[in-house]
Amino acid sequence: MNASAELLKELRIDRSATPPPRGPASSRRWLWVVITLVLVLLAALAVGMFTSGKPAATVETAPVVPMAQAGAGSTAVLDASGYVVARRMATVSAKITGKVREVMIEEGMRVEEGQVMATLDPIDANAQRRLNAAQLEAARSQIGGLQAQLHQADAEASRLQSLVGQQLVSRSQYDQAVAARDSLRAQLQTARYNAKVAQDALAIADLGVDNNIVRAPFSGVVTAKAAQPGEIVSPLSAGGGFTRTGIGTIVDMDSLEVEVEVGEAFIGRVQPKMPVETVLNAYPDWKIPGEVIAIVPTADRGKATVKVRVGLGVKDDRIVPEMGVRVSFLEKAAPAGTDAPKGVRIPATAIVQRDGKPVAFVLQADDTVQLQVLQPGQTLNKDRQVLSGLSAGQTVVVNPPDSLKDGDKVALAGAAGK
């Protein structure tokens with residue numbers, strides 16, 4: 001028992017004993033450890049400050065697209081908006097002022113050339129025609145009477161001529177008969193002229209009667225009915241707002257085309273016979289092929305635009321005047337049997353020179369850029385064809401700054417503004 005107690009006492013720690021003093025070598029070792037840690041911290045802080053002092057460049061990007069999508073023969077180089085217009089449209093009116101008796105048209109009705117659209121009250125015209133017809137008959141009857149008198153005077157002059165030769169009548173009596181005959185000839189000629197004038201007057205009266213009938217000048221569709229029976233119509237709008245100037249408006253649907261206004265800065269992209277693709281605002285999924293008919297050789301000073309006429313490749317009842325449209329001007333499609341264009345297209349401003357080589361900066365998933373050497377192709381307005389070095393679906397930096405290098409981190413312009 002005593003032996004065990006003694007052993008336990010030997011295992012106790014004597015806390016009253018004074019610890020041995022540390023030597024100078026141990027203190028210097030701890031000092032160097034502290035100095036080393038401080039230097040490492042300072043170096044890390046300096047590296048962080050240097051790295052954070054170079055902010056990421058803010059850039060704009062653009063997608064890399066194929067030269068021609070599958071099944072498409074051309075790509076759009078310019079878009080413009082406009083309206084469907086009719087080259088052949090007329091507001092039909094009467095040639096004279098008169099009261100409408102009957103209107104035979106309705107909106108949406110198709111009329112043929114020469115078809116009667118309305119009639120005016122022909123009372124005055126009919127009365128004038130009857131007067132001219134009577135004058136013609138009077139002139140013709142006068143001709144008949146003078147012809148009979150001339151026949152008698154001619155016979156009388158012939159008899160007196162034979163009697164003068166036999167000295168049975170005086171010479172003066174014969175001269176009077178000849179003068180009477182010649183006078184009747186002159187009167188007959190005048191009567192014939194009067195009959196011709198009366199006939200012409202009757203023809204004019206017939207035109208006056210016909211002017212009371214309003215006919216369609218060409219085949220088309222009625223888009224507006226402007227007059228009703230009982231109203232006064234006049235081509236000169238006599239009588240102010242109480243007088244109609246037209247019966248109705250017809251449009252030749254076969255003459256429909258599109259008019260668009262293109263900005264002066266982009267008119268150089270448009271050429272005659274250039275293929276286009278028209279989309280009606282009412283039918284956004286319907287793409288109508290066509291081509292440029294003409295570029296109107298004048299500009300609008302106020303809007304700085306030039307008017308372009310565009311033809312429609314199809315005729316359809318759904319296309320009506322004044323519809324809003326969107327027109328895409330296309331590059332001319334490649335001839336049939338030729339291979340599709342190779343490579344991709346990117347904005348021309350995305351291609352820069354580095355060490356004498358054309359390059360582009362491709363945006364990576366971690367917002368860094370990779371420098372890529374390119375083989376450029378032809379120039380496509382503001383775009384450029386790239387034969388090798390890029391693939392469709394990538395994103396390139398547009399107008400990269402001169403300080404941008406391979407591997408630099410960038411910030412997107414759209415994201416920076418958020």
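Computed over heavy atoms, backbone and side chain alike; hydrogens, waters and symmetry mates excluded. Sequential numbering from 1 along the given sequence is applied to the chain's residues. Quick caveat: nothing in here was measured; it's all calculated off a predicted structure.
Not counting sequence neighbours, the partners of Tyr283 by the side chain to side chain contact (heavy atoms under 4.5 Å, CB included) test are Leu280, Trp286, Arg318, Met323. Applying the salt bridge (charged side-chain N to carboxylate O under 4.0 Å, His left out) criterion to Asp254, with sequence neighbours excluded, gives no partner residue.
With contacts defined as side-chain heavy-atom distances shorter than 4.5 Å, the pair Arg140/Gln142 does not qualify. The shortest side-chain heavy-atom distance between Arg354 and Leu371 falls under the 4.5 Å cut-off. Between Val209 and Asn126 the shortest side-chain heavy-atom distance falls below 4.5 Å. No side-chain heavy atom of Val221 sits less than 4.5 Å from a side-chain heavy atom of Met109. Using a 4.5 Å heavy-atom threshold, the side chains of Thr119 and Val214 count as separate. Between Glu261 and Lys303 the shortest side-chain heavy-atom distance falls below 4.5 Å. Taking the side chain as every heavy atom from C-beta outward, Val325 and Asn281 never approach each other to under 4.5 Å. The closest side-chain heavy-atom distance from Val84 to Glu322 is not below 4.5 Å.
In terms of modelled atom types and a separation under 3.5 Å, the side chain of Asp300 and the main chain of Gly302 share a donor-acceptor contact. Of the possible polar contacts, none joining the Lys196 side chain to the Ala191 backbone as a donor-acceptor pair under 3.5 Å is found. Judged by distance alone, the side chain of Gln189 and the main-chain N or O of Ala186 form no donor-acceptor pair under 3.5 Å. Between the Glu137 side chain and the Ala134 main chain, no donor and acceptor come within less than 3.5 Å of each other. Panel note: side chain Asp200, backbone Val197; no donor-acceptor pair is recorded below 3.5 Å. Side-chain atoms of Gln370 do not come within 3.5 Å of backbone N or O of Val362 as any donor-acceptor pair.
Other residues, nucleotides and ligands contribute over 12 non-hydrogen atoms within 6.0 Å of the CG atom of Asp182.
Among Val398, Ile351, Asp383, the one residue that satisfies the side-chain contact (heavy atoms from CB on, under 4.5 Å) test with Ile346 is Ile351. Exactly one residue among Arg110, Glu112, Arg88 makes a side-chain hydrogen bond (donor to acceptor under 3.5 Å, both in side chains) with Ser219. That residue is Glu112.
Closest of all the heavy-atom pairs between Pro376 and Leu387 is O-CD1, 4.2 Å. The shortest heavy-atom contact between Leu202 and Ala133 is CD1-N, 3.7 Å. Between Leu256 and Leu312 the shortest heavy-atom distance is O-CD1, 4.3 Å. Between Val276 and Glu291, the closest heavy-atom pair is CG2-N, 3.5 Å.
Ion pairing between a basic and an acidic side chain is recognised when a charged N comes within 4.0 Å of a carboxylate O; Lys307 and Glu259 show such pairing. Under a 4.0 Å N-O distance rule, the pair Lys225/Glu107 does not qualify as a salt bridge. A salt bridge between Arg215 and Asp210 is present, with a side-chain N of the basic residue lying under 4.0 Å from a carboxylate O of the acidic one.
Asp79 and Ser328 share a side-chain donor-acceptor pair at under 3.5 Å. Between the side chains of Gln187 and Ser183, at least one donor N or O lies within less than 3.5 Å of an accepting N or O. There is a side-chain donor-acceptor pair under 3.5 Å between Thr91 and Thr249. In summary, the side chains of Gln128 and Asn132 do present a donor paired with an acceptor at a separation below 3.5 Å, with no hydrogens or angles considered.
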Show your reasoning for whether side-chain contact (heavy atoms from CB on, under 4.5 Å) applies to Val397 and Val369. CA-CA 8 Å; Val397 177; Val369 293; 3.9 Å; yes
For side-chain contact (heavy atoms from CB on, under 4.5 Å), just list the numbers for Phe329 and Val262, CA-CA rounded to whole Å, side-chain angles, deciding distance to a tenth of an Å, and then say yes or no. CA-CA 11 Å; Phe329 296 89; Val262 178; 4.3 Å; yes
